[in-house]
Visitor: 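Shown below is the structure under consideration.
Just so it is clear, the model here is predicted, and its values are computed rather than measured.
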Amino acid sequence: TRRSSDLGLLIMIRIAKHYSEKSKDRVPKLASFFDNLIGIIQPRFFGIFNLHLESIRNSDAKVLGYPDPSKKSGLGPHYVTRRYAEFISAIHSLNPENNQTINTRLAALRTQMQKLLLRLALPLRKIPRLTDVQSKHKEVIFLINNIDQILSVLSNRKLDVEDGEKWKTLLEQQIATFVEVELLLHFEKLIRFVKATTKAIEQNGIDSIQWSNAKATEIAEIGRAHV
């Protein structure tokens, strides 16, 4: 209800602006009436928008529902993510002039939504019977799915806005993390060996590495395990 009220007020503001501009030359007093009407509606719009902001900021992730990795679609987009995406898409569609005050509020809403997604993903960091790397894998998949949901809604509305760019950057970061976790899942020993060896070479030079038969055997075993 709060969401539809905010959108309804924004629609009223746009209608009032339209008629204000049309009336300026023909009926100045009517234009003044519409300008006054905008002055009355705008504070109400931002007041309700602030309630959205506070609602996300104070949301209890447990009450909203944590993702369930045991279910087939348990790591899919959260229903709150879809609502957020639809809401900001509607706001952007009704804000073609890129009103800076509205954009500032949308940026604040985006920040709180990012924090909410991290709170929702928190239980995935330590899943019983899974290693830390396996748990991280689940967490990253959940975050990628939710960010992709937001970007899909914006794309379907053909909205080329700052929100989309910011979420796209975050998606790229999560994809990079996903690649790292995937490598750790399958090549953990090899990666640790390479990092340890690289660090030793950087600190003490390549001559500090003792290439004994045992070390050669260890390298061969690590390589054979991942072929």
Visitor: Would you call the rings of Tyr84 and Trp167 parallel, tilted or perpendicular, where under 30° means parallel and over 60° means perpendicular?
Guide: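 Plane angle over 60°, so perpendicular.
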Visitor: For Asp160, I'd like to know if atom CG has over 12 heavy atoms of other residues, nucleotides or ligands within 6.0 Å.
Guide: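 Atom CG in Asp160 is not crowded, with 12 or fewer foreign heavy atoms closer than 6.0 Å.
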Visitor: Side chains of Glu139 and Ile127, heavy atoms from C-beta outward: is any pair under 4.5 Å?
Guide: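 Not in contact.
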Visitor: Among the clusters formed by ILVMFWY side chains lying less than 4.5 Å apart, do Phe142 and Tyr66 turn up in the same one?
Guide: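 No.
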Visitor: First locate atom CZ of Arg83, then atom NE2 of His78, and finally report the distance between them rounded to the nearest 0.5 Å.
Guide: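 The distance works out to 9.5 Å.
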Visitor: Is there a side-chain contact between Gln173 and Thr169 (heavy atoms, below 4.5 Å)?
Guide: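 Yes; the side chains approach each other to less than 4.5 Å.
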Visitor: Please check if Tyr79 and Ile150 belong to a single hydrophobic cluster, counting links between Ile, Leu, Val, Met, Phe, Trp and Tyr side chain heavy atoms closer than 4.5 Å.
Guide: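 Linked, Tyr79 and Ile150 end up in one cluster.
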Visitor: Determine whether more than 12 heavy atoms belonging to other residues, nucleotides or ligands lie under 6.0 Å from atom CZ of Arg14.
Guide: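 Yes, CZ of Arg14 has more than 12 neighbouring heavy atoms, counting only those of other groups under 6.0 Å.
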Visitor: Among all residues two or more places apart in sequence or in another chain, which pass the ring-ring contact (aromatic ring centres under 6.0 Å, His included) test with Phe34?
Guide: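 Expected list: Tyr19.
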Visitor: In sequence, state the C-alpha distance, the side-chain angles, and the governing distance for Arg110 and Lys166, and then conclude on side chain to side chain contact (heavy atoms under 4.5 Å, CB included).
Guide: CA-CA 9 Å; Arg110 181 178 64 248; Lys166 296 295 185 181; 3.4 Å; yes
Visitor: Return the minimal non-hydrogen interatomic distance between Leu124 and Pro67, and the atom names on each side.
Guide: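 For Leu124 versus Pro67, the nearest heavy atoms are CD1-CG, 3.7 Å.
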Visitor: Can you list the residues that meet the ring-ring contact (aromatic ring centres under 6.0 Å, His included) rule with Phe33, with sequence neighbours excluded?
Guide: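 Here no residue qualifies.
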Visitor: State, with a plain yes or no, whether a side-chain heavy atom of Leu116 is found less than 4.5 Å away from one of Leu64.
Guide: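 Sidechains of Leu64 and Leu116: in contact.
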Visitor: State, to 0.1 Å, how close Asn146 and Thr81 come at their nearest heavy-atom pair, and which atoms those are.
Guide: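 The pair with the smallest heavy-atom distance is OD1-OG1, 2.6 Å.
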Visitor: Heavy-atom distance under 4.5 Å between the side chains of Arg105 and Asn50, does that happen here?
Guide: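 Side chain of Arg105 against side chain of Asn50, heavy atoms only: contact under 4.5 Å found.
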Visitor: Could you walk me through whether Leu143 and Thr177 pass the side chain to side chain contact (heavy atoms under 4.5 Å, CB included) test, one step at a time?
Guide: CA-CA 11 Å; Leu143 292 173; Thr177 302; over 6 Å; no
Visitor: Going only through I, L, V, M, F, W and Y residues with side-chain contacts under 4.5 Å, is there a path from Leu170 to Leu122?
Guide: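 As far as the 4.5 Å side-chain criterion goes, Leu122 and Leu170 are not connected within one cluster.
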Visitor: Can you name the nearest heavy-atom pair linking Asn145 to Gly76, along with the distance?
Guide: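 So the minimum-distance heavy-atom pair works out to ND2-CA, 4.1 Å.
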Visitor: Is there a chain of hydrophobic side chains (I, L, V, M, F, W, Y, each step under 4.5 Å between heavy atoms) that links Ile88 to Val153?
Guide: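 Looking at the clustering, Val153 is in a separate group from Ile88.
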Visitor: Is Glu86 salt-bridged to Arg82, cutoff N-O under 4.0 Å?
Guide: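 Yes, this pair counts.
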Visitor: Once the angle between the rings of Phe49 and Phe45 is folded into 0 to 90°, is it parallel (under 30°), tilted (30 to 60°) or perpendicular (over 60°)?
Guide: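 Plane angle between 30° and 60°, so tilted.
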Visitor: Going by heavy atoms in the side chains, are Leu118 and Arg125 under 4.5 Å from each other?
Guide: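 With C-beta onward as the side chain, the pair touches.
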Visitor: Rounded to the nearest 0.5 Å, how far does NZ of Lys22 lie from CG of Leu30?
Guide: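 Output value for this atom pair is 12.0 Å.
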Visitor: To the nearest 0.5 Å, what is the distance between CD1 (Ile15) and CD1 (Ile11)?
Guide: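 Reported to 0.5 Å precision, the distance equals 7.0 Å.
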Visitor: Can you confirm whether Gln134 sits close enough to Lys138 that some side-chain heavy atom of one is under 4.5 Å from a side-chain heavy atom of the other?
Guide: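 No. Closest side-chain heavy atoms not under 4.5 Å.
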Visitor: Nearest 0.5 Å, what's the CG-CG distance between Asn103 and Asn98?
Guide: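 Rounded to the nearest 0.5 Å, the CG-CG separation comes to 5.0 Å.
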Visitor: Check whether any side-chain heavy atom of Ser59 lies under 4.5 Å from a side-chain heavy atom of Gln112, and answer yes or no.
Guide: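 No, every pair of side-chain atoms sits at 4.5 Å or beyond.
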Visitor: Let's go through Val80 and Met113 carefully: what are the C-alpha distance in whole Å and the side-chain angles of both, what is the deciding distance for side chain to side chain contact (heavy atoms under 4.5 Å, CB included) to 0.1 Å, and is it a yes or a no?
Guide: CA-CA 9 Å; Val80 172; Met113 187 61 197; 4.1 Å; yes
Visitor: Test of understanding: with side-chain hydrogen bond (donor to acceptor under 3.5 Å, both in side chains), list the residues that count as partners of Lys126, not counting sequence neighbours.
Guide: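 Per chain and number, Lys126 pairs via side-chain hydrogen bond (donor to acceptor under 3.5 Å, both in side chains) with Asp132.
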Visitor: Any side-chain heavy atom of His137 sitting closer than 4.5 Å to one from Leu184?
Guide: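 They are not in contact (no side-chain heavy atoms under 4.5 Å apart), so the answer is no.
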